[in-house]
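Labels below follow one simple rule: chain letters A, B, ... track the order of the sequence lines, proteins then strands, and each chain is numbered from 1. This is a predicted model, so every value here is computed, not measured.
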Number of protein chains: 2
Amino acid sequence: MLDSETKAVELPEDHAEELRLWLRLLTCTTLIEGEVRSRLRERFDVTLPRFDLMAQLDKAPDGMTLSDVSKRMMVSNGNVTGLVERLVESGHLDRRTSDTDRRVQVIRLTKLGRAEFRKMAAEHESWIADVFADLTPKDLRELMRLLAKTKASAQKSASRRRA
Amino acid sequence: MLDSETKAVELPEDHAEELRLWLRLLTCTTLIEGEVRSRLRERFDVTLPRFDLMAQLDKAPDGMTLSDVSKRMMVSNGNVTGLVERLVESGHLDRRTSDTDRRVQVIRLTKLGRAEFRKMAAEHESWIADVFADLTPKDLRELMRLLAKTKASAQKSASRRRA
DNA sequence: GCCAATTGCTTGAAGCCTAAAGAAATTCGG
DNA sequence: CCGAATTTCTTTAGGCTTCAAGCAATTGGC
């Protein structure tokens with residue numbers, strides 16, 4: 001009894017399995033991400049971060065603030081600033097200062113931006129389908145379930161640390 | 001019969017499920033990666049790429065060539081060059097030109113590098129264990145299996161494109 | 001109304017990353 | 001043995017990313 005308590009904190013336990021799982025998860029993501037990245041470049045001469053940002057905005061017809069984008073994309077504020085800058089420059093994004101709060105920048109897709117994104121998104125979806133082509137419907141559902149559980153567990157772990 | 005053939009190529013099929021799965025996979029990885037990154041910075045003032053590189057070298061006592069590292073880490077050659085440069089500079093890595101092929105650089109951990117890595121790796125393993133803490137042993141095995149399948153499927157898809 | 005804390009965003013320094021081009025060494029076909 | 005192709009690594013330009021510091025606007029306590 002006392003043992004089981006001390007053990008968790010003191011003794012070096014074997015977590016090689018979790019480690020291997022994490023590495024495999026990372027490998028899968030890196031593999032797919034790299035694939036998507038080079039296809040986006042080849043077909044549309046666009047970078048993955050730009051695509052991701054446009055994807056967020058496509059889901060928000062009324063626009064988003066930079067903070068919203070930053071949270072959704074899980075990247076830093078400064079990162080978003082530069083990304084938006086380049087996309088405004090290229091005519092894909094429209095940027096306005098909020099009427100009610102002059103600190104806030106509201107961005108949304110321009111007509112051009114939306115049109116281009118839709119084209120890219122359609123192909124993108126088929127690439128992703130191809131990536132998972134060998135998984136059965138049951139595999140897909142099961143993987144979804146386990147990743148949901150993983151996400152929850154990871155979030156809990158992160159909040160434990162911040163506490 | 002003809003239908004099933006045309007359909008796969010022509011008709012816009014619904015692959016929303018695969019798309020959601022990919023986004024969830026990406027979210028999990030980003031979450032965990034961010035967590036590991038900030039912990040490495042806090043505790044050891046080291047970056048994730050440096051840690052990853054040292055992890056590769058820890059598994060290869062006789063050293064590795066830069067190309068080996070590049071393939072293993074799935075990053076570009078130029079990336080490795082810079083990374084190695086900084087780690088040699090900080091005394092963690094040792095770099096020598098191969099005796100048999102003057103193009104080849106062989107790198108390995110120094111005593112300092114190995115000692116520091118071992119300390120980091122021990123903590124790292126416990127962080128990862130914590131991330132997956134809510135998954136049962138069965139979950140872990142099942143997730144491992146499905147990710148193996150995903151990896152194989154993704155590799156197949158990537159090679160189809162390059163073909 | 002005022003001042004402190006917070007929030008939203010930008011800036012700057014450093015590092016990471018890729019693609020593409022190029023330099024140097026090796027390998028291989030003939 | 002020669003030259004073409006390949007391999008290994010570096011360099012360059014451009015972009016992505018973080019952290020930390022800082023500025024401007026708003027909010028909330030008093």
Ionic contact status for B/Asp62 with B/Arg108, cut-off 4.0 Å = no
Note, DNA chain C 5' to 3' with Watson-Crick or G-U pairs under 3.5 Å encoded as ( ), [ ], | and . gives ||||||||||||||||||||||||||||||
From CD of A/Glu42 across to P of C/dT18 the rounded distance in Å is 16 Å
Check: Within a reach of under 6.0 Å around CZ of A/Arg72, are more than 12 heavy atoms found that belong to other residues, nucleotides or ligands?
Finding: no
Separation of C/dC16 atom P from B/Asp52 atom CG, nearest Å, is 11 Å
- Message: Between A/Lys119 and A/Glu123, does any side-chain N to carboxylate O distance fall below 4.0 Å?
- Response: no
Can you find a heavy atom in the side chain of A/Leu26 that is under 4.5 Å from one in the side chain of B/Thr29? yes
So what does A/Thr81 touch, heavy atoms closer than 4.0 Å: a base, only the sugar-phosphate, or nothing?
-> base
Going 5' to 3' through nucleotides 16-22 of chain D and flagging B where a protein heavy-atom sits under 4.0 Å of the base, S where only the sugar-phosphate is that close, and - otherwise, we get SSBS---
**OP:** Evaluate the criterion salt bridge (Lys or Arg N to Asp or Glu O under 4.0 Å) for residue pair B/Glu116 and B/Arg50; output intermediate values, then yes/no.
**Re:** CA-CA 12 Å; B/Glu116 292 208 358; B/Arg50 277 160 152 101; over 6 Å; no
Close side-chain approach of B/Phe132 and A/Leu21, heavy atoms under 4.5 Å: yes
Residues in residues 87-106 of chain B with a heavy atom under 4.0 Å of DNA chain D, by number, are B/Arg95, B/Arg103, B/Val104, B/Gln105
Atom CE of A/Met64 and atom C1' of C/dG8 are separated, to the nearest Å, by 14 Å
For this session: Please examine the side chains of B/Phe117 and B/Arg114, heavy atoms only from C-beta on, and report whether any two atoms are closer than 4.5 Å.
Result: no
request  = Show the numbers, then the answer: is there a side chain to side chain contact (heavy atoms under 4.5 Å, CB included) between A/Met54 and A/Val46?
outcome  = CA-CA 11 Å; A/Met54 289 196 267; A/Val46 78; 4.2 Å; yes
- request: Decide yes or no for A/Asp94 and A/Ile107: does some side-chain heavy atom of the first lie under 4.5 Å from some side-chain heavy atom of the second?
  value: no
### Query
Got a salt bridge between B/Arg145 and A/Glu142, using NZ or NE/NH1/NH2 to carboxylate O under 4.0 Å?
no
Requested in this report: Please examine the side chains of B/Gln105 and B/Thr81, heavy atoms only from C-beta on, and report whether any two atoms are closer than 4.5 Å.
Outcome: no
Is any side-chain N or O of A/Ser70 closer than 4.0 Å to OP1 or OP2 of C/dC9? no
